[in-house]
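Because the structure is a prediction, the values reported are computed rather than measured. Residues: numbered from 1 along the sequence shown.
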Amino acid sequence: MNIITEETKKLVQTTINALHAKKGLGVMSIKLVKLPNPICEYFIICHGDSKPQVQALAESVIEKVKEKLKINVWHKEGFENAQWILLDYANVVVHVFQKEWRDFYKLEDLWADAEIETYSDITQ
């Protein structure tokens with residue numbers, strides 16, 4: 001499972017673009033495929049400053065992925081309290097946090113041995 005498909009690459013890029021469109025902060029991708037027994041190909045992680053922004057970030061991903069790639073989210077959870085919203089696309093799992101919860105769970109530290117790419121925050 002070391003080969004990333006074009007579909008996965010497009011899904012990752014579309015997700016990152018959707019997060020930036022709603023001013024997602026600390027956006028990063030974690031490529032898990034080179035680890036033993038990966039649970040998916042990529043994690044995408046970001047955070048927002050408030051419950052409404054976290055919800056808007058997650059909704060932006062769902063809408064843009066559906067619109068551009070015709071892919072529906074397989075599973076989603078966390079919209080009720082929006083501390084940590086998870087969007088599961090099987091090969092890509094998106095984690096959208098409120099800042100304090102991202103700092104608490106530190107997912108990027110748990111997967112520090114994977115290939116991590118960070119994306120500059122969009123400021124306008």
(request) Specify the closest pair of heavy atoms between Cys40 and Asn91, including all atoms of both residues, with the distance to one decimal. (result) CB-O, 3.6 Å
(message) So, using side chain to side chain contact (heavy atoms under 4.5 Å, CB included) as the criterion, who are the partners of Leu110 when residues are at least two apart?
(response) Leu107
(request) Run the numbers on Ile4 and Lys31 for side-chain contact (heavy atoms from CB on, under 4.5 Å), then give the verdict. (result) CA-CA 9 Å; Ile4 304 295; Lys31 188 175 180 181; 3.8 Å; yes
(request) Applying ring pair (Phe, Tyr, Trp, His ring centres under 6.0 Å), name anything that partners Phe104, two or more places apart in sequence or on another chain. (result) none
(message) With rounding to the nearest 0.5 angstrom, report the CD to CG distance, Glu77 to Leu86.
(response) 5.5 Å
(message) Restricting to side-chain hydrogen bond (donor to acceptor under 3.5 Å, both in side chains), what partner residues turn up for Gln13, sequence neighbours left out?
(response) Asn17
(request) Verify, without hydrogens or angle tests, whether Gln55 (side chain) and Phe79 (backbone) share a donor-acceptor contact under 3.5 angstrom. (result) yes
(request) Can you tell me which residue pairs pass the ring pair (Phe, Tyr, Trp, His ring centres under 6.0 Å) test with a partner in residues 52-71, sequence neighbours excluded? (result) none
(message) Please enumerate all residues that pass side chain to side chain contact (heavy atoms under 4.5 Å, CB included) together with Glu6, with sequence neighbours excluded.
(response) Lys9
(request) Not counting sequence neighbours, which residues clear side-chain hydrogen bond (donor to acceptor under 3.5 Å, both in side chains) with Thr15? List them please. (result) none
(request) List in chain and number order the residues that pass side-chain hydrogen bond (donor to acceptor under 3.5 Å, both in side chains) with Trp84, two or more places apart in sequence or in another chain; answer none if no residue qualifies. (result) His95
Atom pairs and distances, side-chain donor-acceptor, residues 58-72, under 3.5 Å, sequence neighbours left out:
from, atom 1, to, atom 2, distance (Å)
Ser60, OG, Ala18, O, 2.9
Lys66, NZ, Asn72, OD1, 3.0
Lys70, NZ, Glu67, O, 2.9

(request) Apply side-chain contact (heavy atoms from CB on, under 4.5 Å) to the pair Thr8 and Tyr42, showing each step before the final yes or no. (result) CA-CA 9 Å; Thr8 297; Tyr42 277 92; 3.8 Å; yes
(request) Go through the structure and list residues passing ring pair (Phe, Tyr, Trp, His ring centres under 6.0 Å) with Tyr89, not counting sequence neighbours. (result) none
(message) Between Glu115 and Ile30, is there a side-chain heavy-atom distance shorter than 4.5 Å?
(response) no
(message) Can you tell me how far apart CZ (Phe97) and NZ (Lys106) are? Round to the nearest 0.5 Å.
(response) 12.5 Å
(request) Following the transitive rule for hydrophobic clusters with a side-chain heavy-atom cut-off under 4.5 Å over Ile, Leu, Val, Met, Phe, Trp and Tyr, establish whether Trp74 and Val92 coincide in one cluster. (result) no
(request) Tell me, please, which residues at least two apart from Asp103 pass salt bridge (Lys or Arg N to Asp or Glu O under 4.0 Å). (result) Lys99
(request) Check whether any side-chain heavy atom of Leu87 sits under 4.5 Å from a side-chain heavy atom of His75, and report yes or no. (result) no
(request) Could you tell me whether the side chain of Leu19 reaches within less than 4.5 Å of the side chain of Val96, counting heavy atoms only? (result) yes
(message) I'd like to check Trp111 versus Leu35 (side-chain heavy atoms, cut-off strictly below 4.5 Å). Are they in contact?
(response) yes
(request) State which residues pass side chain to side chain contact (heavy atoms under 4.5 Å, CB included) with Asn81; sequence neighbours excluded, sorted by chain then number. (result) Gln83
Determine all donor-acceptor pairs shorter than 3.5 Å in which one atom belongs to a side chain in residues 43-52; sequence neighbours excluded.
from, atom 1, to, atom 2, distance (Å)
His47, ND1, Leu25, O, 3.3
His47, ND1, Arg102, NH1, 3.0
Ser50, OG, Gln53, N, 3.2
Lys51, NZ, Glu80, O, 3.2

